[in-house]
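Report on the following structure.
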Amino acid sequence: MIPHHRVDGPPDAPPLLLINSLGADLSMWEPQAPVLSRRFRVIRYDARGHGRSPVPPGRYSLADLGGDALDLLDHLGVARAHVCGLSLGGMTAMWLAAYAPGRVGRLVLCCTSALLGPASSWAQRAATVLARGTGAVADTVVARWVTPEFAALRPEETGRLRDMIAATPAAGYAGACAAIEDMDLRADLPRITVPALVVAGADDPATPPAHGAAIAAAIPGARLVVLERAAHLATYEQAAAANRLILEALDG
């Protein structure tokens, strides 16, 4: 499946694939795209079931999501790309690095987890959105994406993030919840051999820094950085700091 995508930056620059979180579309990378596209061919896309991408019925798996990323790279003629993903996007990025290592250059994993239980909570969230729509969880989710301080200082941006969650197709959101429900990447992490940076948000209630620390400890040579005053969408809330970290990691 070829997901809806956008490409920015010089066509001959090193490719960089950005993979969004659950409930987000490619616009979540707006704070990154103008900066990163000066030096990279930045490829953003809507994960299956999100934004303007197709919404296949049923449960999704990380293999489905990773396969879509590989299909997109093939479609664009990209043999190998750096990969940066946040939350569900980070899970997809880890899957790519473990199962398609020849396609991944350097790896940046933001606010993510190799095992995010309990599984029952993801089944319940999927059931809620299928019954009541993604608007039913949008307020709760956006409150995890940004700190209360950010929400108070930048209410319009917080509202746009909330609306992005609420606009996600219910079937797509529920399908992606199933991928997280079934996920356990812990045994795969030691097989990842590409250079990896793990970024955590100090105030992230969804994937606290301990999750990032566990990933960094399991991937050989990986480095962990914790961003202060950042919740789950740390790349958005602390964009300048996140951009510096991403550029440093990709420059080696």
Side-chain angles (χ1 to χ4, degrees), residues 1-8 17-34 42-62 64-65 68-69 72 84-93 110-112 116 121-148 150-181 201 204-207 231-237 239 242:
M1 186 190 83
I2 309 300
H4 171 71
H5 57 280
R6 173 173 174 169
V7 182
D8 297 285
L17 185 68
L18 302 179
I19 312 179
N20 53 278
S21 70
L22 175 68
D25 57 37
L26 58 78
S27 68
M28 68 162 273
W29 298 108
E30 286 297 332
Q32 279 67 55
V42 175
I43 304 163
R44 293 181 279 164
Y45 71 97
D46 296 334
R48 70 165 57 198
H50 288 64
R52 295 167 60 188
S53 284
V55 188
R59 300 172 68 86
Y60 305 162
S61 69
L62 277 188
D64 293 328
L65 300 175
D68 294 341
L72 176 58
C84 174
L86 187 143
S87 193
L88 178 60
M91 299 167 196
T92 306
C110 303
C111 301
T112 191
L116 192 58
S121 68
W122 295 104
Q124 181 57 53
R125 193 187 299 192
T128 297
V129 299
L130 288 174
R132 300 167 51 201
T134 44
V137 301
D139 288 325
T140 300
V141 172
V142 81
R144 290 171 167 259
W145 277 11
V146 299
T147 61
F150 181 96
L153 289 172
R154 296 160 76 173
E156 289 187 6
E157 287 182 67
T158 303
R160 284 196 295 271
L161 292 173
R162 185 228 174 262
D163 292 345
M164 179 169 61
I165 299 162
T168 304
Y173 193 102
C177 283
I180 303 174
E181 178 187 346
D204 181 358
T207 54
H232 191 52
L233 212 65
T235 52
Y236 200 98
E237 187 161 9

Please tell me if the side chains of [X] and [Y] come closer than 4.5 Å, counting only heavy atoms from C-beta onward.
X: R59; Y: E181; answer: yes
X: V141; Y: R125; answer: yes
X: V42; Y: W29; answer: no

Heavy-atom closest pair, residues [X] and [Y]:
X: E237; Y: R154; answer: O-NH1, 4.5 Å
X: A171; Y: V55; answer: CB-CG1, 3.9 Å
X: N20; Y: D25; answer: CB-O, 3.9 Å
X: A231; Y: C111; answer: O-SG, 4.0 Å
X: P3; Y: Y45; answer: CG-CD1, 3.5 Å
X: L116; Y: W122; answer: O-NE1, 2.7 Å

Exercise. Do we see a donor-acceptor contact under 3.5 Å between the side chains of H232 and D204?
Worked result: yes
Any donor-acceptor N/O pair, [X] side chain to [Y] backbone, under 3.5 Å:
X: S53; Y: H4; result: yes
X: T134; Y: V129; result: no
X: H50; Y: L22; result: no
X: T235; Y: A242; result: no
X: D64; Y: S61; result: yes

Rounded distance [0.5 Å steps], [atom1] in [X] versus [atom2] in [Y]:
X: M91; Y: I180; atom1: CE; atom2: CD1; answer: 4.5 Å
X: L88; Y: Y60; atom1: CG; atom2: OH; answer: 11.0 Å
X: E157; Y: E30; atom1: CD; atom2: CD; answer: 11.5 Å
X: S87; Y: M28; atom1: OG; atom2: CE; answer: 8.5 Å
X: R144; Y: T207; atom1: CZ; atom2: OG1; answer: 9.5 Å
X: T158; Y: D139; atom1: OG1; atom2: CG; answer: 11.5 Å

Problem set entry | Test side chain to side chain donor-acceptor pair (under 3.5 Å) applied to R6 - qualifying residues, sequence neighbours left out | D8
Exercise. Does T128 have any side chain to side chain donor-acceptor pair (under 3.5 Å) partners at least two apart in sequence or in another chain, and if so, which?
Worked result: Q124
Exercise. Between L86 and I19, is a side chain to side chain contact (heavy atoms under 4.5 Å, CB included) present by the stated rule, with each step listed?
Worked result: CA-CA 7 Å; L86 187 143; I19 312 179; over 6 Å; no
